[in-house]
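Working notes, beginning with the structure itself.
One is the number of the first residue; the rest follow in order along the sequence.
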Amino acid sequence: MPKLTIDGMEVEVPTGTTILQAAELAGVEIPRFCYHDRLSIAGNCRMCLVDVEKSPKPVASCAMPAGDGMVVHTKSDKAFKSRAGVMEFLLINHPLDCPICDQGGECDLQDQAMAYGFDRGRFEENKRAVKDKNMGPVISTIMTRCIHCTRCVRFATEVAGVPELGATGRGEDMEITTYLEKALDSELSGCVVDLCPVGALTSKPYEFKARPWELRKTESIDVLDAVGSNTRVDVRGREVMRILPRINEDVNEEWLGDKSRLACDGLKYQRLDQPYVRRDGKLRPASWQEAFEAIAAKLNGLSGSKIAAVAGDTVDCESMVALKDLMTSVGSPNLDCRQDGAAVDPSVRASYLFNSTIAGIENADALLIIGSNPRKEAPVLNARIRKRYLQGEFQVSVIGEQADLTYRYDHLGDTADVLAKIADGSHPLAATLKAAKAPMLILGMGALSRPDGSAILAAARQVADSCGLVKDGWNGFNVLHTAGARVGGLDVGFVPGSGGKGTRDILNGARKGEIEVLYLLGADEIDTTGLDNTFVIYQGHHGDRGAHRADVILPGAAFTEKDGTYVNTEGRPQQGYRAAFPPGDAREDWAIIRALSEVLGKKLPYDNLAQVRKRLSDVNAVFSVMDRVQAAEWKTFGNAGAISATGFDYPVKNYYMTDPISRASLTMARCTEEFVTGETKKTGTDG
């Protein structure tokens, strides 16, 4: 390991470390524009020049490997003058329009110009101007500001896997553009806004809306998919202006999907801000007391077997444990958090977790994907798979539809019966998995929500056992959920009790008259047809599918408007915090359920959030420690049976609209029109 001296400090670093990385290890900051630690080295901005003894000229520290005995000066006059010269060149053609630039206040170029810029320029030639490019409804472009750092190009090619950005022309005619003059077609395209060190690429939905110093910043968790990406919610007044990613190396690194980032404008539209009660066939505004009394009048004297509850995909664990306790108090075993009827085994935690963990993908050397399209269902997780693929010696196989996953894979077939052949060892892939040191499979909701989902689950477990996916220190059996609340609901036990009905049976029972009262806690992805004779209570934050059929509406808070606990697909409990207040009379969900329980004469034994969380920990010990994945015990699960030779019905057909918030979002509507509807017109497919 080479030892070098940086600004008088001796540092020992691993072989291959660059001078810039060595300086960071020593706590020395070197300015940069093109360098990013998650992208390949470009070395084209030259802002990171340092003075290395015995070197005839300044050295680009991002591209120069640290050598043994090097003596580096980052604050010498030579280094400072070199950077000042680079800054002067960068500003030759820059429009210097900071007062009207959305990047103002959080711009790398602006910050570095304060340190290395000069108060006047020596160039009298006209500044060049570059035509703005159309990169779609997510990214706004003012390419005259571009300094050609190529971060966006490298991100699109390396991380997102859509090599649609690049540089055309040479010298002063060089431009960064999409080759075919079309929108950047990636579910991670918004990340280039974070990466851009100047104001060339900014967020189109956020354009000219607010300044960073006007915003109140709150740490939170994304619930629009099951990855549980760490986010920061920026609010002005009561309005969520934008959502940005936070760094969490174990979950989302520093990336965030476009839906999670930009669907926040849906929080302004179609909101439920007061209770409603259906009278004479129409929903009419009511007080909380009137709504509770209408529910009490229906529930009083009703057998628990005729009452059921279904929890939605973005609900917090506190609300689910409160509703579960309420259902238990009225004697109902009919409850479920699986709107799609996914055939996981709630009694065996390993049967519904991403057991290898998201970060563990980087340790795998073989992967089998069954009935899942991770690019649509979890784009950040898919980027982690691509990252591992680019490192080499990683075979990916897919059972399901042929789709562009941004990496190469072996397509084993469209139908699920291929899995049975792998399970009994007759398929060649079985030998490949056995030979791998850390093999893994990903089982998607497209496989588990089928009528034969339980048989597929059993076959996948058989593959895990027979092909060595589970061994000391490694569990390669993974379930990829599509709902942010799903694992939390299973951990809470929001599943049918003894003799209770699951989602499918609840809905069928309601149509037959066996279920007379149905409580929908943010459940909008179920088929509400045929529920005309059922008394439906809907508690949620948007006037979506569930609210349209409701007899009583209880307005709840969205995930940005309450403190809540969520468990991601790998079983990691995380807490989000309230960034804004809910509109009108809307309240936090657990508090609504607690208030209703008192009117029903079944008062729940907690009065504040701390007591609810104590109840969560009592129900399941995984809630005792936040942000830690607890390994699940490997047991037998699934019911062996015949697997139908049919294809998969994938749950996410339109990535941009999967929940009430994104369906209410204007930005997601524009993305749907650009990437889904527009593509359908071109190809003639059903999107």
Less than 4.0 Å between a side-chain N and a carboxylate O, is that true for [Y] and [X]?
| X | Y | result |
| --- | --- | --- |
| Arg349 | Glu633 | no |
| Glu318 | Lys562 | no |
| Arg663 | Glu525 | yes |
| Glu674 | Lys182 | no |
| Glu187 | Lys376 | no |

Measure the [atom1]-[atom2] distance between [X] and [Y] for me, rounded to the nearest 0.5 Å.
| X | Y | atom1 | atom2 | result |
| --- | --- | --- | --- | --- |
| Ile358 | Arg384 | CD1 | CZ | 7.0 Å |
| Asp194 | Trp255 | CG | CH2 | 8.5 Å |
| Leu441 | Phe477 | CG | CZ | 6.0 Å |
| Asn475 | Met440 | CG | CE | 10.0 Å |
| Leu184 | Phe155 | CG | CZ | 8.5 Å |
| Asp452 | Ser644 | CG | OG | 5.5 Å |

What are the two closest heavy atoms between [X] and [Y], and how far apart are they?
| X | Y | value |
| --- | --- | --- |
| Leu256 | Leu188 | O-CD2, 3.8 Å |
| Met320 | Phe494 | O-CD1, 3.4 Å |
| Arg32 | Leu20 | NH2-CD2, 3.5 Å |
| Asp491 | Val619 | O-CG1, 4.4 Å |
| Met445 | Pro651 | CB-CG, 3.9 Å |
| Val344 | Leu490 | CG2-CD1, 3.8 Å |

Under 6.0 Å from the [atom1] atom of [X], do we count more than 12 heavy atoms belonging to anything else shown?
| X | atom1 | value |
| --- | --- | --- |
| Arg38 | CZ | yes |
| Lys434 | NZ | yes |
| Gln391 | CD | yes |
| Lys437 | NZ | no |

4.5 Å side-chain heavy-atom contact, [X] and [Y]:
| X | Y | value |
| --- | --- | --- |
| Met1 | Thr17 | no |
| Leu412 | Ile422 | yes |
| Leu368 | Leu469 | no |
| Asp659 | Leu224 | yes |
| Ile361 | Phe354 | yes |
| Ile221 | Gln575 | no |
| Leu165 | Val153 | yes |
| Asp258 | Cys671 | no |

Apply side chain to side chain contact (heavy atoms under 4.5 Å, CB included) to residues Thr357 and Asp250 and explain how you reach the verdict.
CA-CA 8 Å; Thr357 72; Asp250 294 328; over 6 Å; no
With a 3.5 Å distance limit and no angle check, can you tell me whether [X] reaches the backbone of [Y] through a side-chain donor-acceptor pair?
| X | Y | answer |
| --- | --- | --- |
| Asn568 | Arg572 | yes |
| Thr569 | Val479 | yes |
| Asn355 | Ala350 | yes |
| Asp185 | Phe675 | no |
| Ser351 | Asp345 | yes |

Using side-chain contact (heavy atoms from CB on, under 4.5 Å) as the criterion, point out the one residue from Val192, Val162, Thr406 that pairs with Ser186.
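That would be Val162; it is the only one of Val192, Val162, Thr406 passing the side-chain contact (heavy atoms from CB on, under 4.5 Å) with Ser186.
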Establish, from distance only, whether the side-chain atoms of [X] and [Y] form a donor-acceptor pair under 3.5 Å.
| X | Y | answer |
| --- | --- | --- |
| Asp222 | Thr231 | no |
| Ser454 | Asn639 | yes |
| Arg261 | Ser203 | no |

For residues 373-428, which residue pairs qualify under ring pair (Phe, Tyr, Trp, His ring centres under 6.0 Å), counting only residues two or more places apart or in two chains?
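Ring pair (Phe, Tyr, Trp, His ring centres under 6.0 Å) check on residues 373-428 returns no pairs.
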Report the C-alpha separation of Glu377 and Ser372 in whole Å, then their side-chain angles, then the decisive distance to 0.1 Å, and conclude whether the side chain to side chain contact (heavy atoms under 4.5 Å, CB included) test is met.
CA-CA 8 Å; Glu377 295 167 15; Ser372 175; 2.9 Å; yes
Kindly state each residue pair satisfying side-chain hydrogen bond (donor to acceptor under 3.5 Å, both in side chains) with at least one member in residues 333-342, sequence neighbours excluded.
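Residue pairs with at least one partner in residues 333-342: Asp313-Gln339, Asp336-Arg338, Asp336-Thr503, Asp340-Arg486.
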